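It should be emphasised that the depicted structure is a prediction, and the values quoted were computed from it without experimental measurement.
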Amino acid sequence: MTPPKSTLVYQAIADNVQRVVRGKPEVVRLAVAALLAEGHLLLEDVPGLGKTTLARCLARSVGGTWKRIQFTPDLLPGDVTGVMVYHQNAERFEFHPGGIFANVVLADEINRGTPKTQSALLEVMSERRVTVDSVVHEVPRPFLVVATQNPIEMEGTYRLPEAQLDRFLMRLSVGYPDLSSEVLVVMSDCAQVSADDLTAVVGIPELEAAIAEVRAAHIDLAVCEYAVRIAAGTREHAAVRWGASPRGSIALVRAAQAVAATDGRLFVTPDDIKAVAEPVLAHRLVLTPDAELGQRQPASVVAEVLDAVAVPVTAG
């Protein structure tokens, strides 16, 4: 049987990325799934684990335009969105687009930008447009932001607002590699194989077609209710002050559709919902003060909710 086109697109991107990102097939799978769902991706981990490399590999594997915005305290909102500049020869103001105008945008070290600049980026991620002097400028489609964030070394950084974290479809951690994978990483570095060596393996028309196919993937009503019950379960958990919103339920289903495509299917199963529950929901939860004092982690809350919600008997 011929696999769906979205599966072929996933495989091409994943194979290309794994030429550089070694030993992390599940992280790469979920990252590419986020792109196929046309959802923005937040990569959060300690320094040196390859989150920027993964983001660059994803951007370079996709055709069209891509730009990198290095977030620093002196980065201005206009650097992200664009500004009006007066041209003396033409005697008029013209719009100069900022770094956000690309199909794939790598927002590196997003927590080093000021809240005002972060807010400008998050607004465009949600609206997919920029308004300057009452004029609307649409960003290119597909439009994907891959942001990186370091959760330690908090000095001189600005924590992303919890209320706006759900602009990201998924939050992933790369994690430490095992011994054999780390050897491959070191050998690749010695051979000078890097993200810069990658070329695009998927064009924009192919990516658009794959995104459309993923959005049309079938989901049974019982599986959809299962996803909603999980999101609702986070709101009722004793350790949670603010649970996932209906936007979280939508994100859960969209991500599950993409994960199904990575497995060669155009229908969603309860296992697809389970596979994306933690990366989609954990960063949307705000814990109670007591839970935070008790060192509870949102991921463990999501795991408890998954254990508590009955899995539907019908699937696919």
Side-chain angles (χ1 to χ4, degrees), residues 9 13 16-17 21 28 30-45 50-83 95-132 136-150 158 160-161 164-172 174 195-196 198-204 206-208 210-211 251 254 258 283:
V9 167
I13 298 175
N16 202 44
V17 170
V21 180
V28 172
L30 291 175
V32 179
L35 300 185
L36 290 178
E38 204 182 9
H40 307 299
L41 180 64
L42 177 61
L43 298 172
E44 184 177 86
D45 223 324
K51 54 185 183 298
T52 298
T53 298
L54 173 57
R56 292 179 64 195
C57 289
L58 288 169
R60 293 189 67 88
S61 296
V62 177
T65 57
W66 75 274
K67 292 183 181 177
R68 175 181 180 180
I69 305 175
Q70 181 65 53
F71 276 68
T72 54
D74 61 349
L75 186 74
L76 299 175
D79 297 326
V80 174
T81 60
V83 294
F95 179 65
H96 279 216
I100 200 68
F101 285 86
N103 293 114
V104 180
V105 178
L106 168 56
D108 211 3
E109 296 188 275
I110 188 174
N111 55 337
R112 294 201 176 277
T114 63
K116 196 171 183 178
T117 305
Q118 290 176 357
S119 179
L121 174 71
L122 294 167
E123 184 177 351
V124 182
M125 288 167 56
S126 175
E127 302 295 330
R128 300 178 189 273
R129 65 181 62 178
V130 171
T131 302
V132 177
V136 175
H137 304 272
E138 303 281 350
V139 296
R141 299 294 295 268
F143 174 60
L144 314 164
V145 173
V146 183
T148 68
Q149 175 171 252
N150 177 3
Y158 302 88
L160 285 173
Q164 296 191 39
L165 271 175
D166 68 351
R167 300 288 188 268
F168 291 97
L169 180 73
M170 290 189 202
R171 181 179 64 179
L172 299 177
V174 178
D196 293 334
L198 300 184
T199 57
V201 293
V202 172
I204 288 300
E206 294 172 275
L207 183 59
E208 285 183 307
I211 289 171
R254 283 182 54 195
H283 66 286

V62 vs N103, test: side-chain contact (heavy atoms from CB on, under 4.5 Å). Steps then yes/no. CA-CA 9 Å; V62 177; N103 293 114; 5.8 Å; no

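- Taking E109 as the reference, Q70, R112 meet the side chain to side chain donor-acceptor pair (under 3.5 Å) condition, with sequence neighbours excluded.
- Heavy atoms only, all atoms of each residue included: A107 and V145 are closest at CB-CG1, 4.3 Å.
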Could you give me the CA-CA distance, side-chain angles and deciding distance for L36 and V9, then say whether side-chain contact (heavy atoms from CB on, under 4.5 Å) is met? CA-CA 9 Å; L36 290 178; V9 167; 4.0 Å; yes

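- Interatomic distance, CG of L58 versus OG1 of T53, reported as 11.0 Å (0.5 Å rounding).
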Under the criterion side-chain contact (heavy atoms from CB on, under 4.5 Å), I'd like the reasoning laid out for Y158 against T117: C-alpha separation, chi angles, the key distance, then a yes or no. CA-CA 10 Å; Y158 302 88; T117 305; over 6 Å; no

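- Atom CD of Q118 is separated from atom CG of L75 by 10.5 Å, given to the nearest 0.5 angstrom.
- For the atom pair CG (D166) and NE2 (H40), the distance works out to 11.0 Å, reported to the nearest 0.5 Å.
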Apply the test side-chain contact (heavy atoms from CB on, under 4.5 Å) to residues V146 and W66: give CA-CA distance (whole Å), side-chain angles for both, the deciding distance (0.1 Å), then the verdict. CA-CA 11 Å; V146 183; W66 75 274; over 6 Å; no

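- Contact record, L169 with A37: CD2-CB, 3.6 Å, taken as the closest heavy-atom pair.
- Annotation: side chain of I69 is not in contact with side chain of L106 (no heavy-atom distance under 4.5 Å).
- The side chain to side chain donor-acceptor pair (under 3.5 Å) search around T81 returns none, not counting sequence neighbours.
- Contact annotation: the side chain of L160 approaches that of L42 to within less than 4.5 Å [non-hydrogen atoms, C-beta and beyond].
- Listed here is the closest heavy atom pair of M170 and A34: CE-N, 4.1 Å.
- Taking the side chain as every heavy atom from C-beta outward, I110 and T148 never approach each other to under 4.5 Å.
- Annotation: salt bridge (charged side-chain N to carboxylate O under 4.0 Å, His left out) contacts involving residues 58-78, sequence neighbours excluded, comprise R68-D108.
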Could you list the donor-acceptor pairs under 3.5 angstrom formed by side chains in residues 125-132, with sequence neighbours left out?
{"from": "R128", "atom 1": "NH1", "to": "F143", "atom 2": "O", "distance (Å)": "3.1"}
{"from": "R128", "atom 1": "NH2", "to": "E38", "atom 2": "O", "distance (Å)": "3.2"}

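- Judged by distance alone, with hydrogens and angles left aside, the side-chain atoms of E44 form no donor-acceptor pair with the main-chain N or O of L172 at under 3.5 Å.
- Applying the ring pair (Phe, Tyr, Trp, His ring centres under 6.0 Å) rule to pairs touching residues 98-119 yields F95-F101, sequence neighbours excluded.
- In this structure, the separation between CD on E206 and CD1 on I13 is 9.0 Å, given to the nearest 0.5 Å.
- At distances below 3.5 Å, at least one donor-acceptor pair connects side-chain atoms of N16 with backbone N or O atoms of T199.
- Taking CG from L41 and CG from L144, the interatomic distance works out to 9.5 Å, rounded to the nearest 0.5 Å.
- Looking only at distances, no side-chain donor or acceptor of S119 sits under 3.5 Å from a matching main-chain atom of P115.
- Side-chain contact check for L122 versus F168: some heavy-atom pair is nearer than 4.5 Å.
- Annotation: side chain to side chain donor-acceptor pair (under 3.5 Å) contacts of H137 (sequence neighbours excluded): none.
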